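Read the structure below first, then the notes.
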Amino acid sequence: MSFCASAQSVFQQKVNHKINVELDTNQKKLLGSIKTTYINNSPDTLSFIYYHLWPNAYKDTETSYAKQQILLQNANFYFSKSEYKVSIECVNIQVNSVESELKEAFSGIDDIKLLPLPEDLFPGDTIIISMDFSVSIPVLTSRMGWRNNDFCLTQWYPKPAVYDQYGWHPMSYLDMGEFYSEFGDFEVSISLPDNYIVAASGDLTSRKELHRLEDYAELCKSSKYKENIRAYGDSTKMKTVNYVCTNVHDFAWFTSPDFVVEMEPFFISSQDKYVRCWAFYNKENADLWDDATKYIGQTVNMMSYEVGSYPYNNCSAVDAPLGAGGGMEYPTITVVTAIDKYSLERVIAHEVIHNWFYGMLASNERNNSWIDEGFTSFYESKYFDRYYPNLGMISELIGKDVNIHGLNEISGRFSKELAWSYFISENIDQPAGLNSEEMSPLNYFILSYYKPVVAIYSLEKYLGEELFRKNMNSFYNIYHHTHIYPEDLRSFNLHGVQDISWFFDDFILENNYPDYKICGIKKDSLIVKNKGESLSPLFLNIGDSSVIVDGFEGSRSYAINNEKEFSIDPDFRTLDLNRRNNYFRKGFLKCRRPVKLSLFNIVDNPKYFQIPIAPIVTYNSTDGWSPGIMFYTSPLPKKKFEFQLLPVWGTKTNMLNGYANFSVFIHPAGKTLREIEPFVSGRKFGLDDETGSYFYKVSSGLKIKFQTDVHKNLESELLVRNISASDYYFDTLKNYQQIKYRYADYNPINPWSIDLDIQNGIGFTKMSAEYKQFISYNKRIGLSIRIFAGKFLYSSDEYYGNYNFRLYGNTGSQDYFYDHLFLGRNEDIRTSPQNIWAHQFIRNDGGFTLYSPY
Ligand SMILES: [Zn+2]
């Protein structure tokens, strides 16, 4: 047996930048020159360098960024005006003083270019690349731009792509799916009007400006009414401020004449040093941002202890109108939008933590978003564990202490697990280890921010908090300021002997779902079975004692004494697809979990056996107001079997009416079928309150959902069913068969759909097709098209007029499948046009909502 180690030797390129840049606040332009020193530490000879010119991502609607926005169902950029469409120009390019040129790297892609080197760059050699550049700054969109007097200057300068042991990593700028960059030192000189306050990566080295900023921060602290301060005045003469940032892989800056500035040195106990924590925010958000420097300091302090030291002197957060809540990380500085104090603290903690996972442990965020976002979200959770212990699930989600169905008594990790399990229950789940461009947008979110958090918690519980921290500290000491890969993380358990391959193999690279079940008690043993696909560890509680068991296949038994209650992972420290089988109670007639009636329940609390009920009142003109009770299976988590049962009492008809549906969900393997849903459903309601006549229908069949391209918002569904229903005009029961297929593309520019429908009944077979499309002219105005065509394939003497195609959409009496909800089914527009209920039409057939004789 031979062991094949990684063939590539690991190295780090070093790329230093010296940038002089001038901000023209009137023209919204950057004019700069950049001198980049590229040190080839690789064992390879390079003949070219890929360059990222990311401001070109905002150039037009054909860029990768613009196309991704459409896939994310966002048409704002597509329809935006010219002030959103900007680009970067690079001129006077020299490599070691020899003129060169940026060339097209990939056809039709402008935000990646190729710089041919006049001479080969040998291993260990250095070249100097200089160029002048100008950037027109867009109206703030996707992290960069201006709004009012504020400027967010991110992804703003020409920058080499990463070259590592796997080769080049050129990547277009995207909104979803982040960065990968080379480490280096930055010296940046920024010229701008004197009244602008700058917040930037690294250290401000212009002494005069630093003192001015510190004095201003002092003034802001003492001023109760922050709206009155504007220390920097209105001077429009230009100034130059200098920044230095060492050993980072990006440089971002933000500026505004209106910032309130706060600075607080925070003592970092594990490093025995102070880090200066800065907050730059808008006056109107002064109340919100009051404690921002504290949040920054607490985060740096926690992370220095949990992961590794913070080598920089400053850490800043900037308030910017990025959108409805959220933030973005850059080295030593983060940009944040928050709607309340709770979300501000959460986002600041998250973005500051990125200084470790993104900043210093720099994974390829595009390929392995689970590393940077997963570990960052994990430590964000730990921050709240530390400063707000026992924060419940609802508090974690909305920042308010509301306890619905006991859900606030369980950990917020459960909501993350629910999000993950929802995708499995819809058969649209993907593994977390995929490249972000292979994931559907929703999966990207779940697999980067949610699933890894719970997965890492299970790793922490499995190893124990102390060993986990010790491993993390050692990992940081080995890998800080390098590019890390998933295979580096495989060596994570540096101080332990436990096998953690389940974490990678089951939770990250594959989506092998875990599900341990307590089967019951046999003699004096508790039987636990692995019903899942994963070999992740079992966290078992027997009475008050807990055991951690290495993952196993099949069943195991555990000796018990007088314990009465047993559970698997009751504090939500790992993933579990089915928590209903995690509990067991000893004793005669005792349910596994306590039974609880739950009013209006939508999320199962796994600690209880819940019976969801909801009092409901329905109305139609025949039965009148009809009170009833709905019994149902709560929608989350989705189950293999679901039902809704809604008996109601018609107060005018004095009849028991109602609705019922029973569905089973089957998820076939393979790439064609997403879900098969056999169902039986029925309804019964009154037709005449004087004679007491009523209708009923029973429908049974299959709904089939097909798998579609995960990158697009598509729908492909087939319905095959039999319907037995009362005839509206004759006192008989009729049988019909229907096959219906729908394909829809919900893209935000020109959404369209096609519906095909074949119906067969006594005396007729008919077929129809409906095509709908919306053609956008701009964001608000467009043309809506609907084409309908129908044909009778067969008809006999038993066919009668109710099955006709019509120019207008059908009324209550013409809804012979009783599929639609009518507030009045008997009122006829032909005989009683004054009756309001007679004016309800289904938008089918000709689709007119006015009666016509055809
Ligand atoms: Zn993040």
Side-chain angles (χ1 to χ4, degrees), residues 404-407 418 422 425-426 578-581 591-606 608-667 675-687 689 692-705 717 719-726 733 735-736 738 812 815-823 825:
I404 306 166
H405 299 305
L407 286 172
L418 266 184
Y422 173 79
S425 70
E426 288 288 338
N578 180 4
R579 288 193 179 265
R580 293 187 297 278
N581 59 22
C591 222
R592 284 169 163 265
R593 300 171 291 167
V595 178
K596 202 175 175 183
L597 273 184
S598 300
L599 220 55
F600 296 110
N601 193 37
I602 52 169
V603 179
D604 283 341
N605 182 335
Y608 302 104
F609 180 87
Q610 279 164 305
I611 303 175
I613 54 164
I616 287 216
V617 178
T618 65
Y619 177 83
N620 67 62
S621 65
T622 312
D623 296 302
W625 291 105
S626 306
I629 292 180
M630 180 153 97
F631 302 92
Y632 60 102
T633 37
S634 49
L636 283 174
K638 182 170 161 177
K639 291 143 200 81
K640 293 229 158 71
F641 168 73
E642 295 200 344
F643 72 90
Q644 297 82 36
L645 200 60
L646 174 59
V648 294
W649 185 259
T651 53
K652 263 169 94 180
T653 45
N654 282 326
M655 259 185 335
L656 183 66
N657 296 319
Y659 165 86
N661 181 68
F662 303 90
S663 288
V664 174
F665 300 95
I666 299 162
H667 296 126
E675 182 176 87
I676 303 173
E677 178 192 343
F679 68 92
V680 182
S681 72
R683 59 171 61 167
K684 168 186 174 282
F685 284 97
L687 277 181
D689 49 318
S693 75
Y694 56 87
F695 76 84
Y696 72 90
K697 85 135 181 218
V698 177
S699 153
S700 58
L702 295 176
K703 279 182 213 164
I704 297 168
K705 287 182 188 161
E717 280 187 32
L719 170 70
V720 182
R721 63 174 176 164
N722 183 78
I723 304 140
S724 306
S726 317
L733 188 70
N735 256 314
Y736 309 91
Q738 184 185 35
D815 176 27
Y816 46 85
F817 287 170
Y818 300 94
D819 275 345
H820 299 268
L821 287 170
F822 276 89
L823 292 175
R825 198 171 278 275

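Just so it is clear, the structure is predicted and the values come from calculations on it, not from any experiment.
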TODO: Tell me, yes or no, whether the heavy-atom count around I602 atom CD1, taken from other residues, nucleotides or ligands under 6.0 Å, exceeds 12.
DONE: no
Task: Any donor-acceptor N/O pair, H667 side chain to S425 backbone, under 3.5 Å - done: yes
- [ ] Return yes when atom CD1 of I616 has more than 12 non-hydrogen atoms of other residues, nucleotides or ligands closer than 6.0 Å, and no otherwise.
- [x] yes
TODO: Look at the side chain of N661 and the backbone N and O of Q644, then say whether any donor-acceptor pair between them is shorter than 3.5 Å.
DONE: no
Open item on the list: So, taking the atom named NZ in K638 and the one named CG in L418, what distance separates them when rounded to the nearest 0.5 Å?
Closed with: 14.0 Å
- [ ] Verify, without hydrogens or angle tests, whether S724 (side chain) and N722 (backbone) share a donor-acceptor contact under 3.5 angstrom.
- [x] no
- [ ] Check S626 against G650 and note the closest heavy-atom contact, atom names and distance.
- [x] OG-CA, 3.4 Å
Task: Derivation and outcome, side chain to side chain contact (heavy atoms under 4.5 Å, CB included), residues I704 and E677 - done: CA-CA 6 Å; I704 297 168; E677 178 192 343; over 6 Å; no
Task: F822 atom CZ, neighbour heavy-atom count above 12 within 6.0 Å - done: yes
TODO: For the residue pair I723 and V698, establish whether any side-chain heavy-atom pair is separated by less than 4.5 Å.
DONE: no
Open item on the list: What's the separation between atom CE in M630 and atom OH in Y659, rounded to the nearest 0.5 Å?
Closed with: 9.0 Å
Open item on the list: Return the OG1 to CG distance between T618 and N657, rounded to the nearest 0.5 Å.
Closed with: 7.5 Å
Task: Atom pair CD (E717) and NZ (K705), whose distance is rounded to the nearest 0.5 Å - done: 5.5 Å
TODO: Side-chain contact test, heavy atoms from C-beta onward, threshold under 4.5 Å: evaluate it for K639 versus S634 and give yes or no.
DONE: yes
Task: Under 3.5 Å donor-acceptor, R593 side chain and Y608 backbone - done: yes
Task: D604/R579 ion pair, N-O < 4.0 Å - done: no
Open item on the list: On the six-membered ring of F679, is K703 placed so that its NZ or CZ lies under 6.0 angstrom from the centre and within 45° of the ring axis?
Closed with: yes
Task: Distance-minimising heavy-atom pair for P627 and T651 - done: CD-CG2, 4.0 Å
Task: Close side-chain approach of T622 to L687, heavy-atom, < 4.5 Å - done: no
- [ ] Count the heavy atoms of every other residue, nucleotide or ligand shown that sit under 6.0 Å from CZ of F662, and state whether that count exceeds 12.
- [x] yes
Task: From CD1 (I611) to OG (S598), nearest 0.5 Å - done: 8.5 Å
Open item on the list: Taking the six-membered ring of F609 as reference, does the cationic atom of K596 (NZ for Lys, CZ for Arg) lie under 6.0 Å from its centre and within 45° of its axis?
Closed with: no
Open item on the list: Looking at every heavy atom in both R592 and N581, which two are closest together, and how far apart are they?
Closed with: NH1-O, 3.6 Å
Task: Side-chain donor or acceptor of N605 paired with backbone N/O of H405 under 3.5 Å - done: yes
TODO: Would you check if E675 and F665 make a side-chain contact, meaning some heavy-atom pair closer than 4.5 Å?
DONE: yes
Task: Where P635 and N601 come nearest, the two heavy atoms and their spacing - done: CD-O, 4.2 Å
TODO: State, to 0.1 Å, how close P615 and L599 come at their nearest heavy-atom pair, and which atoms those are.
DONE: CD-CD1, 3.9 Å
TODO: May I have all residue pairs that pass ring pair (Phe, Tyr, Trp, His ring centres under 6.0 Å) and include part of residues 624-657, sequence neighbours excluded?
DONE: Y619-W625
- [ ] For E642 and S663, test the side chains for any donor-to-acceptor distance below 3.5 angstrom and give the result as yes or no.
- [x] no
Task: Whether D689 side chain and T653 backbone form a donor-acceptor pair below 3.5 Å - done: no
- [ ] Test the K684-Y694 pair against the cation-pi criterion, namely NZ or CZ under 6.0 angstrom from the six-membered ring centroid and within 45° of the ring axis.
- [x] yes
TODO: Report the distance from atom NZ of K697 to atom CZ of R683, rounding to the nearest 0.5 Å.
DONE: 5.5 Å
- [ ] Using the ring of F685 (Phe, Tyr or Trp, six-membered ring only), decide whether R825 places NZ or CZ under 6.0 Å from its centre and within 45 degrees of its axis.
- [x] no
